[in-house]
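Notes for the one structure printed next.
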Amino acid sequence: MAGNRTFTMIKPRAVAENHTGAIIKMIEEAGYKIVSIKKTQLTASTAGKFYEVHKERPFYEELVKFMSSGPIVPMILEKENAVLDYRKLIGSTDPAEAAEGTIRKLYATSKGENAVHGSDSDENAEIESSFFFSEIERF
Ligand code: CDP
Ligand code: MG
């Protein structure tokens with residue numbers, strides 16, 4: 001059965017360009033309840049840990065540098081079929097390939113700086129949520 005929670009974060013460039021409010025509005029209008037939210041900044045070390053699965057990929061170093069370059073807004077979101085529906089709402093990794101009206105189509109500037117993260121499975125949503133939020137914050 002598909003879970004009802006996913007994890008997202010608004011990435012540094014979208015936060016720096018003041019798209020936080022517009023992106024949260026799209027998320028709420030899509031029917032998600034915000035369970036947990038904060039503004040924080042990753043270090044190279046914590047960004048490296050979050051993206052550990054991509055360690056061997058050619059874009060890893062650049063990704064870690066970008067993701068630790070400024071504040072981010074991580075959130076836990078709740079709705080039926082949360083993970084899959086959220087991947088649809090954000091669109092393809094590369095904004096050039098993202099469908100019209102998706103968050104990445106509207107706010108991403110490149111494949112690397114693509115405005116938002118979205119978990120790819122229930123299991124990763126849980127792992128990523130607990131990376132950023134304590135048990136008390138994940139009520
Ligand atoms: O974020 P998503 O799940 O759509 O993509 P991913 O394959 O899990 O990659 C994680 C992140 O690495 C992406 O969101 C991009 O920011 C970055 N990336 C990149 O810079 N160049 C690529 N060729 C693939 C991913
Ligand atoms: Mg991914």
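Whatever order the structure lists ligands and atoms in, that order sets their numbers, starting from 1.
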Would you call K79 and D85 a salt bridge, taking side-chain N to carboxylate O under 4.0 Å as the test?
-> yes

Side chain, backbone, both or neither: which part of H54 comes within less than 4.0 Å of ligand 1 when only heavy atoms are counted?
-> side chain

Does K11 come within less than 4.0 angstrom of ligand 1, counting non-hydrogen atoms of the residue?
-> yes

Please verify whether a non-hydrogen atom of M67 lies at under 4.0 Å from ligand 1.
-> no

Measure the distance from atom 24 (C) of ligand 1 to every protein heavy atom, then report the residue, atom name and distance (to 0.1 Å) of the closest one.
-> F59 CE2, 3.4 Å

Would you say L63 touches ligand 1, if touching means a heavy atom closer than 4.0 Å?
-> yes

Taking non-hydrogen atoms only, is H117 closer than 4.0 angstrom to ligand 1 via side chain, backbone, both or neither?
-> neither

Ionic contact status for K33 with E78, cut-off 4.0 Å = no

Looking at atom 4 (O) of ligand 1, what's its closest protein heavy atom, distance included?
-> T93 OG1, 2.5 Å

Flag for E128-S119: side-chain donor and acceptor within less than 3.5 Å | yes

Check the side chains of K11 and N114 for a donor-acceptor pair under 3.5 angstrom, ignoring hydrogens and angles.
-> yes

Could you tell me which non-hydrogen atom of Y86 sits nearest to which non-hydrogen atom of Y32, and how far apart they are?
-> N-OH, 2.9 Å

Return yes when atom CD of E52 has more than 12 non-hydrogen atoms of other residues, nucleotides or ligands closer than 6.0 Å, and no otherwise.
-> yes

Do we get K55 above Y60's six-membered ring, with its NZ or CZ under 6.0 Å from the centre and within 45° of the axis?
-> no

For atom NZ of K38, decide whether the heavy atoms of other residues, nucleotides or ligands shown that lie under 6.0 angstrom number more than 12.
-> yes

shortest atom 13 (C) of ligand 1-to-protein heavy-atom contact is with N114 ND2, 3.6 Å

Protein heavy-atom partner closest to atom 3 (O) of ligand 1 - residue, atom, separation in Å | R87 NH1, 2.8 Å

Nearest to atom 16 (O) of ligand 1, what protein heavy atom do you find, and at what distance?
-> G112 O, 2.9 Å

Tell me: protein heavy atom nearest atom 15 (C) of ligand 1, and distance?
-> K111 O, 3.2 Å

Among protein heavy atoms, which lies nearest atom 1 (O) of ligand 1, and at what distance?
-> R104 NH2, 3.0 Å

